[in-house]
Amino acid sequence: PAALVLEIDHLRVVVDPETGWLSSLVDKATGAELALGTPHGHAVVLEDPSDTWSHDVRSYEDEAGRFACSAVRRVEDGPVRSTLVVESTFGASRLTERLVLGRRARHLEVRVTLDWRERLRALKLRFPSALADATATFSIPYGQLERPADGSEEPAQSWVDVSGALPDGRRAGWSLLNDSKHGFDVSGSEIGMTSARSPVYAWHDPQPLDPALREEYHYLDQGIQEFTYALVPHDGDWRSAGTVRLAEQLNQVPLVVLEHFHPGELPPARAFCSSGDRSVVVSVVKVAEDGSGLVLRLVETSGERAAATIELALLGRSFEVELAPSEVKTFLVPLQPGELVREVSLLEWDDPSGPDAR
């Protein structure tokens with residue numbers, strides 16, 4: 001069967017129907033080819049005899065098999081987006097990946113439905129790239145951390161990135177975003193995302209499992225689960241792709257409220273809070289504990305010094321902030337227009353080390 005292509009303004013994606021995974025992902029702005037096919041398989045099943053917490057496990061390496069692609073079909077091809085559905089199987093387990101490419105998107109979104117039936121095994125989704133001399137960067141709470149790309153299982157929050165050299169020497173990379181998975185490995189320039197594990201529930205090494213109770217144990221991650229991930233190609237490193245903001249958007253889905261048409265004072269579209277600087281993320285907006293205003297928590301996400309103008313259209317207020325690399329700051333914005341914005345502590349007390357007012 002012929003390969004299937006998804007192509008829009010910014011990306012060109014080719015899916016190999018034999019493997020069910022990408023044989024090509026080209027960033028059309030630079031011509032960079034990021035994908036490397038599937039030399040080790042995309043959906044790989046690994047033996048996992050470890051306990052619930054994987055004590056003493058450095059990595060999952062003992063391959064039990066791979067999901068085999070059973071079907072690839074195009075289900076959408078319109079002016080807004082194009083979508084391919086890839087179906088794969090392994091034993092009694094089923095994997096469905098919906099590859100969605102929006103018309104103006106600079107990333108490939110993949111919506112996953114997994115029906116997992118394995119026991120004492122793990123599922124890794126693997127993303128091999130065409131990069132050399134790659135640097136692996138893992139997201140951590142309010143920051144990021146580079147770790148060796150040696151195949152070790154590592155924790156991460158909403159994204160992992162590999163950046164390195166293309167065959168022609170140019171710098172490029174891609175970020176893997178996700179909305180619910182937190183175990184990863186990077187080997188060379190290949191990212192592996194631990195997508196399911198099925199140890200026995202609340203089993204602690206060194207207590208051995210009783211073979212006579214095999215059918216009575218409760219195994220983790222059984223049945224149907226859904227999650228979403230995205231591949232974001234970029235030149236340079238993850239900073240140039242806006243990886244942190246895209247990961248936040250993936251994890252904080254807009255709340256949709258259906259309403260009939262009627263007159264009102266608000267415009268059809270409006271931003272109620274913005275930071276201006278792409279590296280400064282507003283991580284918290286809440287009512288102050290004493291009800292005196294809104295509390296905003298800002299974090300610098302690129303690891304570089306930043307200055308930003310915070311616009312609060314909701315209150316008709318704006319103020320300037322400066323943040324050191326990876327710094328977190330909290331501000332109290334009074335509801336009364338004449339009162340000044342103040343920097344406060346985590347407990348929302350006035351911060352004696354911060355400026356008096358803005």
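What you see is a predicted model; the values in this text were computed from it and never measured.
Between atom CG of residue Leu101 and atom CD of residue Glu76 there is a gap of 11.5 Å, rounded to the nearest 0.5 Å. Atom CD1 of residue Ile191 and atom CG of residue Leu231 lie 7.5 Å apart, to the nearest 0.5 angstrom. Once rounded to the nearest 0.5 Å, the distance linking CZ of Arg197 with OG of Ser50 reads 4.5 Å. Between the CZ atom of Arg297 and the CG atom of Leu346 there is a distance of 5.0 Å, given to the nearest 0.5 Å. To the nearest 0.5 angstrom, Ile140 atom CD1 is 12.0 Å from Glu154 atom CD.
The residues Arg111 and Glu97 are annotated as not salt-bridged, no charged nitrogen and carboxylate oxygen being separated by less than 4.0 angstrom. Between Glu348 and Lys286 there is a salt bridge, since at least one side-chain N of the basic residue sits less than 4.0 Å from a carboxylate O of the acidic one. A salt bridge links Glu153 with Lys124: at least one charged nitrogen is closer than 4.0 Å to a carboxylate oxygen. Salt-bridge check for Asp235 with Arg170: failed, with every basic side-chain N at 4.0 Å or more from each acidic carboxylate O.
The neighbour count for Glu265 CD, taken as heavy atoms of other residues, nucleotides or ligands under 6.0 Å away, does not exceed 12. Annotation for Asp290: atom CG counts as buried by contact number, over 12 foreign heavy atoms lying within 6.0 Å. Residue Asp77 qualifies as enclosed at atom CG: its count of foreign heavy atoms under 6.0 Å is above 12. Atom CZ of Phe272 sits in a crowded spot, with more than 12 heavy atoms from other residues, nucleotides or ligands closer than 6.0 Å. The number of heavy-atom neighbours closer than 6.0 Å to NE2 of His55, taken from other residues, nucleotides and ligands shown, is above 12.
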Could you walk me through whether Arg73 and Glu87 pass the salt bridge (Lys or Arg N to Asp or Glu O under 4.0 Å) check? CA-CA 9 Å; Arg73 63 184 188 277; Glu87 297 177 349; 2.8 Å; yes
Verify salt bridge (Lys or Arg N to Asp or Glu O under 4.0 Å) between Asp185 and Arg126, making sure each step is shown before the conclusion. CA-CA 9 Å; Asp185 69 82; Arg126 296 204 174 278; 3.3 Å; yes
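A donor-acceptor pair is defined here as one N or O able to donate and one able to accept, closer than 3.5 Å; no such pair exists between the side chain of Arg106 and the backbone of His234. Side chain of Glu7 to backbone of Val13: no donor-acceptor contact under 3.5 angstrom is found. The closest donor-acceptor contact from the side chain of Lys329 to the backbone of Leu298 lies at 3.5 Å or more, if one exists at all. The closest donor-acceptor contact from the side chain of Gln222 to the backbone of Leu220 lies under 3.5 Å. For the pair Arg278 (side chain) and Arg239 (backbone), a donor-acceptor distance under 3.5 Å is present. Not a single donor-acceptor pair under 3.5 Å links the side chain of Glu320 to the backbone N or O of Glu322. At distances below 3.5 Å, at least one donor-acceptor pair connects side-chain atoms of Asn251 with backbone N or O atoms of Asn178. With hydrogens and angles disregarded, no donor-acceptor distance shorter than 3.5 Å links the side chain of Thr83 to the backbone of Val100. Under the 3.5 Å distance criterion, the side-chain polar atoms of Ser129 are matched with a main-chain donor or acceptor of Ser189. Between the side chain of Ser279 and the main chain of Glu300, no donor-acceptor pair closer than 3.5 Å is present.
When Val86, Leu84, Leu99 are each tested for a side-chain contact (heavy atoms from CB on, under 4.5 Å) with Val110, only one passes: Leu99.
Trp116 and Leu120 fall into different hydrophobic clusters, defined by Ile, Leu, Val, Met, Phe, Trp and Tyr side-chain heavy atoms under 4.5 Å apart, directly or through other members. When hydrophobic clusters are built by joining Ile, Leu, Val, Met, Phe, Trp and Tyr residues whose side-chain heavy atoms come closer than 4.5 Å, directly or via intermediates, Val15 is grouped together with Val112. Val232 and Val162 end up in different hydrophobic clusters when Ile, Leu, Val, Met, Phe, Trp and Tyr side chains are linked at under 4.5 Å. Follow the hydrophobic side-chain contacts under 4.5 Å out from Leu95 and you reach Met193 in the same cluster.
With contacts defined as side-chain heavy-atom distances shorter than 4.5 Å, the pair Arg74/Leu4 qualifies. A 4.5 Å side-chain heavy-atom check between Leu46 and Asp62 finds every atom pair outside the cut-off.
Closest heavy-atom contact between Leu166 and Ala32: CD1-CB, 3.6 Å. In terms of heavy-atom proximity, Trp203 sits nearest to Pro208 at NE1-C, 4.4 Å.
Side chains of Glu61 and Ser59: a donor on one and an acceptor on the other come within 3.5 Å. Between the side chains of Arg121 and Ser93, no donor-acceptor pair of N or O atoms lies under 3.5 Å. For Thr194 and Tyr60, the side-chain atoms include no donor-acceptor pair closer than 3.5 Å. Under 3.5 Å, the side chains of Glu248 and Ser158 contain no donor-acceptor pair of N or O atoms.
Below 30°, between 30° and 60°, or above 60°: for Trp21 and Phe127 the angle between ring planes is above 60°, a perpendicular geometry. Between Tyr219 and Tyr217, the ring-plane angle classifies as perpendicular under the 30° and 60° cut-offs.
Ring centers of Phe184 and Phe138: at least 6.0 Å apart, outside the cut-off.
With sequence neighbours excluded, the residues forming a side-chain hydrogen bond (donor to acceptor under 3.5 Å, both in side chains) with Arg119 are Glu215, listed by chain and number.
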